[in-house]
There are 2 protein chains.
Amino acid sequence: MDMWLREGQIEDAVMTYKVKETLVRKKTKYQDLCIVDTYALGRMLTLDGIVQTTIKDEYVYHEMITHIPLFTHKNPKKVLVVGGGDGGTVREILKHPSVEKVVLCEIDEDVIKECKKFLPEISCGLSDPKCEIFIGDGIKYVHEHKNEFDVIIVDSTDPFGAAEGLFGGSFYKEISECLTQDGIFIAQTETPFYLPDTVKRVYDDAKAVFPITKLFMAGIPTYPSGFWSFTIGSKKYNPETADLSNTIDIDTKYYTKQLHKACFVLPKFIEDILE
Amino acid sequence: MDMWLREGQIEDAVMTYKVKETLVRKKTKYQDLCIVDTYALGRMLTLDGIVQTTIKDEYVYHEMITHIPLFTHKNPKKVLVVGGGDGGTVREILKHPSVEKVVLCEIDEDVIKECKKFLPEISCGLSDPKCEIFIGDGIKYVHEHKNEFDVIIVDSTDPFGAAEGLFGGSFYKEISECLTQDGIFIAQTETPFYLPDTVKRVYDDAKAVFPITKLFMAGIPTYPSGFWSFTIGSKKYNPETADLSNTIDIDTKYYTKQLHKACFVLPKFIEDILE
């Protein structure tokens, strides 16, 4: 008997993956956590039935959510990741030698624990001495830290249910206060193809708070539609026109300096959504 | 009982769509043709179980395979489409007033017939007086016409089975001879994520024939991985540096003049595949 995993985010258009083996499945304090080994994409983490990351394509998401803001900022020293318990974003942040400290604020300890065990290629940065792990609510953490981080990365699940509070104007205002005066915020912000209203709402909420707000796209095969948006809110630096001539070379599989600019050039239907 | 269509191109990573109604399913002379109405994406054409086009996302493919070569060429008058029986590419070509004649060379008459009936939004251009439909083998047609077309668009199924001969060096040589002296060729060339070897082989085959060969990407939700490649072979004009300052404005949902340049900026892993 073949076992298949059904990806549950978009009703009526469901991705399915043939599963070799279930490595862990448990109800954590917050969600249904599952790590399976699939034939097509290797090991894969799902939370409440939604694919979060896979060995084969995780690099796209983690590189783009990290290197765009970190290379836009001239000298990021302190970075906060809200969510991101799989560790992939921390791994990418640590490629920037200017960074002195990364705080990972993850609400669900079990995500970290299981990813350390079953996804070591992704979670490897979590044991780095520069990385401080804080188990708790991101909203509370951000509220209690002011003017502290150069970059804040909201590496959350989707804006429905548990992570809903991590999207929207009131949280972005807190984020802005938690950032230093030239700080940059970024979040994953869903698929414009299936969820145009969500993309528009989140973009407008960020725009109401940050002087510079930009959306860019990346091709992520395991997220619905395969074409995913990220939204940046910035106090000073424009990511689209960032001077990258003196940035260091880092080892990547998706990000390039040329793509740093090109990813902000949007298809017409996405421009129309944001108008 | 719910009916679901399973998309069969990539083994072990299968997209499924909930189906409202099957509009037609038949064995044609060449393939298994099916048009269904789906909840997520509206009406959808499949050939041998592979999604070819859907009402909701067809514009990405048809705009990008058409406007990139037609705007790169300074004055395209005669255009050949090999395959493309759904008519979407012809519809986009007819938006260019310089075009005097489009020949659609489709091997399977039933594709045209059923798309005219069930996908009129896509097939609408096929009845235009500038469009000449030729039912027959594209390889033979190209062989028998020399120095005739300004642009040739290979709008085919995948390079396995029936359409295999439409990919590769010997056909590209014939294409080159069928083009005028400043002619441009383009083909859909699969997903670099799942089929890197195919993308590399087709690119190298085109490069061996054309002075200028370029690959670009577009986000197409219903094709495997959602991130699709197109390969251009050009005798004179470089699509990446084309002067678009005097091109006319046309009605599009994906293509823009800015994206015409940006889509050629490739993620690192695709650059690596092509090296």
Side-chain angles (χ1 to χ4, degrees), chain A residues 2 4-7 10-20 38-41 44 51 54 56-57 59-60 63-64 191-194 216-229 250-272, chain B residues 2 4-7 10-20 38-41 44 51 54 56-57 59-60 63-64 191-194 216-229 250-272:
Chain A
D2 288 342
W4 289 75
L5 181 148
R6 287 170 57 88
E7 221 285 347
I10 305 295
E11 208 183 352
D12 306 333
V14 173
M15 195 63 205
T16 66
Y17 299 101
K18 192 172 169 190
V19 171
K20 255 188 224 175
T38 67
Y39 285 89
L41 299 162
M44 172 188 282
V51 175
T54 83
K56 193 164 168 189
D57 78 340
Y59 62 92
V60 185
E63 290 180 11
M64 293 301 273
T191 162
F193 183 75
Y194 283 116
F216 69 86
M217 299 297 299
I220 305 182
T222 54
Y223 288 178
S225 87
F227 201 43
W228 207 251
S229 77
I250 54 170
D251 183 36
T252 59
K253 286 192 266 188
Y254 193 90
Y255 176 91
T256 69
K257 289 182 189 183
Q258 294 72 36
L259 204 65
H260 183 124
K261 307 292 172 83
C263 68
F264 289 96
V265 179
L266 303 176
K268 179 74 162 52
F269 81 100
I270 305 179
E271 281 181 356
D272 290 345
Chain B
D2 288 342
W4 289 75
L5 181 148
R6 288 170 55 87
E7 219 285 348
I10 305 295
E11 208 183 353
D12 306 333
V14 173
M15 194 65 203
T16 66
Y17 300 100
K18 192 172 169 189
V19 171
K20 256 187 224 175
T38 67
Y39 285 90
L41 299 162
M44 172 188 282
V51 176
T54 84
K56 194 164 168 188
D57 78 340
Y59 62 91
V60 185
E63 289 180 11
M64 293 302 272
T191 162
F193 184 74
Y194 283 117
F216 69 86
M217 299 297 299
I220 305 182
T222 54
Y223 289 177
S225 88
F227 202 42
W228 207 251
S229 76
I250 54 169
D251 184 35
T252 59
K253 285 192 268 189
Y254 192 91
Y255 177 92
T256 69
K257 289 182 188 183
Q258 294 72 35
L259 204 65
H260 183 125
K261 306 292 172 85
C263 68
F264 289 95
V265 179
L266 302 176
K268 178 73 161 54
F269 81 100
I270 304 178
E271 282 182 356
D272 290 346

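Residue numbering restarts at 1 for every chain, and letters A, B, ... go by the order of the sequence lines.
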Pairwise side-chain contact, A:L259 with B:P267, heavy-atom cut-off 4.5 Å (strictly under): yes
Side-chain touch B:W4/A:V14, heavy atoms, less than 4.5 angstrom: yes
Greatest number of heavy atom pairs closer than 4.5 Å to chain A - which of B:G226, B:A13, B:A262, B:G219: B:A13
Pairs of heavy atoms under 4.5 Å with chain A: top-ranked of B:Y255, B:F227, B:Y39, B:Y254: B:Y254
Pairwise distance CE(A:M15) to CD1(B:I10) - rounded to 0.5 angstrom: 8.5 Å
Rounded distance [0.5 Å steps], CZ in B:F269 versus OG1 in A:T256: 12.0 Å
At a 4.5 Å cut-off on heavy atoms, which part of [X] comes close to chain A: side chain, backbone, both, or neither?
| X | value |
| --- | --- |
| B:K56 | both |
| B:F264 | neither |
| B:E7 | neither |

Selection from A:Y17, A:Y194, A:F193 maximising heavy-atom pairs under 4.5 Å formed with chain B: A:F193
Using non-hydrogen atoms and a 4.5 Å limit, figure out which bit of [X] sits close to chain B: side chain, backbone, both or neither.
| X | answer |
| --- | --- |
| A:E63 | neither |
| A:L41 | side chain |
| A:D57 | both |

Lys/Arg cation over aromatic B:Y59: A:K268, 6.0 Å, 45° cone: no
